[in-house]
Visitor: 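Pasting a structure here, questions to come.
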Amino acid sequence: MNPDICRERENATFNTETLTNMLDGSAEKTRRRREIESLVINDPDFQHDDPNFMSRSERYDAAVKKSSQMIMKLRDYGISDPEEIYFYKRTARRTFHEAFGLHYTMFLPTLYSQCTPEQQKKWLPLAENFKALGTYAQTELGHGTHIRKLETTATYDPSTQEFVLNCPTVSSIKWWPGGLGKTSNHAIVLAQLYTLGKCHGLHAFIVPIRCMKTHQPLPGVTVGDIGPKFGFEEVDNGYLKLENVRIPRENMLMKYAQVEPDGSYLKPPSDKLTYGTMVFIRAMIVGESARALSKSCTIAIRYSAVRHQSELRPGEPEPQILDYQAQQYKLFPLLAAAYAFTFVGQYMSDTYHRITGHINQGDFSQLPELHALAAGLKAFTTWTANAGIEVCRMACGGHGYLCCSGLPDIYVTFTPTCTYEGENTVMMLQTARFLVKCYRQAREGQQLSGTVSYLNEQQRLQPQPVSSRPTVVNINDLASLVEAYKLRAAKLVEVAAKSLQGELQRSISQEDAWNNSSIELVRASDAHCHYVVVELFAAKLSEISDTAVHSVLNTLALLYALHGITLNSGDFLQLSQITQRIKALLVEIRPNAVALVDSFDYNDEMLNSVLGRYDGNVYESMFEWAKRSPLNRTEVRSFIIFNIIQKK
Ligand SMILES: CCCCCCCC/C=C\CCCCCCCCC/C=C/C(=O)SCCNC(=O)CCNC(=O)[C@H](O)C(C)(C)COP(=O)(O)OP(=O)(O)OC[C@H]1O[C@@H](n2cnc3c(N)ncnc32)[C@H](O)[C@@H]1OP(=O)(O)O
Ligand SMILES: Cc1cc2nc3c(=O)[nH]c(=O)nc-3n(C[C@H](O)[C@H](O)[C@H](O)COP(=O)(O)OP(=O)(O)OC[C@H]3O[C@@H](n4cnc5c(N)ncnc54)[C@H](O)[C@@H]3O)c2cc1C
């Protein structure tokens, strides 16, 4: 064990186990999570080669093998609780995606949420037993964001009681679905429904694409892999062209909208229910942001504790790089954000399940807020985490650029979360749409509840303009900082609403007014989400009884809030003390930095980083890893070089 890292742990002011238990929910939950993780870590079947030394095809093959092994093993262990399955899989996957990822994350959840009981009876046994292996095929070459314009059609033929599916143009070819290229034999296809000559918009259909016996593409189906990407090398994101593919009427997901045998159409209670799976994944991605950022911080902070570089004072030994204020300023606000997002992720998951419970009872009233919250927080947390991972990588200097640091893999695997499940700017604009609506309702005197209840104050504080209200009050008091964020959000929502109003007064169309105000609208959403994160962090603190853990998390929460103010200082009143206070907080966090990342409780196998190793023995491990590079298998690799040298 590296002596520096041992000393860091000895000097921590709190018990990491207590904090880990709190993050997990209880000591028992920590015990069970670790038990599940150790099933993977101690399993010789999961000691695969490092994917970085494999070709793309080898990576895909290894991912398929791993996915099928996971299915068998989960069955053997009798693990069936979704959360426990998730623990098992994320340990086995480590930083990467799994070959059957879309089956779990989108295909199955869509069947659970959008099938009738009869459809569930047919499809769930097939899907849960992996006879029907599925993906979610929505995006087309020509349209990803604007799904109302998707071109794939499903036309009902009452004479045979079938839907006929077609991708009529090149731009309508389905493009991107994970697991579509080679793995899946079924796809949930989003298509424009036509019945009795009328288009009823997007609906979801279960489409068999490959033979369940031979795995060959079915007639009318052209399907394949879209080629290498920035990351996701083990995933066969695919293309799909459907030409007159017939499926039975019962293959339309009919929990909400229905097509009767004679072709008559029954409307759903809300046409946005078809988008439900996206809301689910957006809500879950918030927690994934926390995981990617906490892993990156674990690597960068542990490494910064063992890395010595330069001189602080002449003649003295090189200090740990974690002692440089500039290094702390890079990493500790990200560490604070990782904790904040962990709590926000838990909140988002709870909120999703609570509101979905109401939706299942026929109460759709909270769907708009759920959509706005999931869209906004997905965008807010993925943007921050995405940028933060790169900061962590650069904070490790040159070694951060090596794949064995783990950071490049975390980055390339995480960065598409800013694009998939709704491109982030577009998601922020969806949240803004909800905020502006709420703002107008509040101005009309309606009482708002939930995360937007602060907009009620617009009325109370009139005629005083929001922009002239006092902002930051007490920089050492979290409640006061929450208030500052609330006022900033209220102010920026008002600015956006007024920009829209101003544009409309110039008698341009609603749509152009919206487009001309989109910078203000995105800023309003960002401020709203930032407020929600600070508020939830503060709320979490009130649940913590352990004094030492409370104290260290309070320091992190203050840092998160104050650092956010400095990044957006134009929106707050500038307070000269804030930078000084931030510096003091960095000093406070310094002795606990390693213990705070230890509390995330990533074991070495999951972290997969030579720089972030628990024992801090980074240099020995880097050398061992380098020896395994395929280029080192022979001393003379390229005979071209050999020939050149010989000619000289
Ligand atoms: C047992 C199973 C256990 C499973 C366990 C799983 C555990 C998972 C854990 C972790 C998972 C983490 C991550 C996993 C990663 C998986 C890999 C993912 C791979 C990627 C997949 C994809 O990308 S799928 C494709 C995604 N595509 C999109 O997101 C498209 C984005 N576009 C849209 O959503 C819409 O087109 C858009 C919202 C932009 C606009 O829609 P439109 O119909 O045009 O609406 P608009 O006119 O703007 O608004 C009308 C009205 O509707 C409201 N609204 C819009 N969307 C929704 C919605 N989704 N819900 C509710 N309401 C919605 C909108 O606000 C408007 O309202 P009003 O203002 O009119 O009231
Ligand atoms: C790794 C990966 C996996 C994926 N997996 C799947 C999958 O399994 N299934 C599936 O169906 N899809 C999948 N996708 C596709 C993904 O959902 C889309 O790429 C995503 O929804 C964004 O759509 P787009 O690519 O059309 O981007 P575009 O919408 O073309 O965005 C391009 C730019 O235009 C801007 N823009 C677009 N519309 C607006 C607007 N209204 N206002 C302001 N700006 C706008 C955006 O902000 C962005 O800057 C995957 C994508 C990736 C990268």
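Counting starts at 1 for both ligands and their atoms, in listed order.
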Visitor: Starting from atom 35 (C) of ligand 2, locate the nearest protein heavy atom and write down its residue, its atom name and how far away it is, to 0.1 Å.
Guide: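 Result for atom 35 (C) of ligand 2: Glu423 OE1, 4.6 Å.
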Visitor: Angle between ring planes, Phe107 versus His186, binned at 30° and 60°: parallel, tilted or perpendicular?
Guide: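 If you compare the ring of Phe107 with that of His186, the planes turn out tilted.
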Visitor: With sequence neighbours left out, write down each residue that passes ring-ring contact (aromatic ring centres under 6.0 Å, His included) with Tyr352, or none if nothing qualifies.
Guide: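 Only Phe280 meet the ring-ring contact (aromatic ring centres under 6.0 Å, His included) criterion with Tyr352.
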Visitor: If I apply the N/O under 3.5 Å rule, does His146 come out as touching ligand 1?
Guide: no
Visitor: Heavy-atom distances under 4.0 Å decide this one: backbone, side chain, both or neither, for Arg282 against ligand 1?
Guide: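 The part of Arg282 near ligand 1 is the side chain, not the backbone.
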Visitor: Answer with yes or no whether Leu108 contacts ligand 1, where contact means a heavy atom under 4.0 Å from a ligand atom.
Guide: no
Visitor: For atom 12 (N) of ligand 2, tell me which residue out of Thr145, Thr139, Ile188, Thr105 has the closest non-hydrogen atom.
Guide: Thr139
Visitor: Report the member of Val426, Ile226, Leu521, Asn515 with the shortest heavy-atom distance to atom 44 (N) of ligand 2.
Guide: Val426
Visitor: Could you give all pairs that pass the side-chain hydrogen bond (donor to acceptor under 3.5 Å, both in side chains) test and reach residues 372-383, with sequence neighbours left out?
Guide: Ser289-Thr381, Lys378-Asn424, Thr382-Asn424
Visitor: Geometry only, no angles: is Glu288 polar-contacting ligand 1 at N/O separations under 3.5 Å?
Guide: no
Visitor: I'd like to check whether Tyr420 has a polar contact with ligand 2, where a contact means an N/O of the residue lying under 3.5 Å from an N/O of the ligand.
Guide: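 Between Tyr420 and ligand 2, no N or O pair is found under 3.5 Å apart.
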Visitor: Counting heavy atoms only, which part of Tyr112 comes closer than 4.0 Å to ligand 1: side chain, backbone, both or neither?
Guide: side chain
Visitor: Do His143 and ligand 2 have an N or O pair less than 3.5 Å apart?
Guide: no
Visitor: Tell me which part of Glu421 gets within contact of ligand 1: side chain, backbone, both or neither, using heavy atoms under 4.0 Å.
Guide: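 For Glu421, backbone and side-chain atoms both sit under 4.0 Å from ligand 1.
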Visitor: Is the shortest N/O to N/O distance between Gly144 and ligand 2 below 3.5 Å?
Guide: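 In this structure, Gly144 places an N or O atom under 3.5 Å from an N or O of ligand 2.
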Visitor: With heavy-atom distances below 4.0 Å as the criterion, list the atoms of ligand 1 near Gly144.
Guide: 30 (C)
Visitor: Give the contacting part of Lys437 toward ligand 1: side chain, backbone, both or neither, where contact means a heavy-atom distance below 4.0 Å.
Guide: side chain
Visitor: Should one rank Phe232, Trp514, Phe230, Trp176 by closest heavy-atom distance to atom 6 (C) of ligand 2, which comes out on top?
Guide: Trp176
Visitor: In plain terms, say whether Asp601 and Arg33 are close enough for a salt bridge, that is, a side-chain N and a carboxylate O under 4.0 Å apart.
Guide: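 Looking at Asp601 and Arg33, the cut-off is met.
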Visitor: Kindly confirm or rule out an N or O of Trp175 lying under 3.5 angstrom from an N or O of ligand 2.
Guide: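 Min N/O separation from ligand 2 is not below 3.5 Å for Trp175.
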Visitor: With a cut-off of 6.0 Å (strictly less than), are more than 12 heavy atoms of other residues, nucleotides or ligands near CZ of Arg59?
Guide: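 Above 12, so yes.
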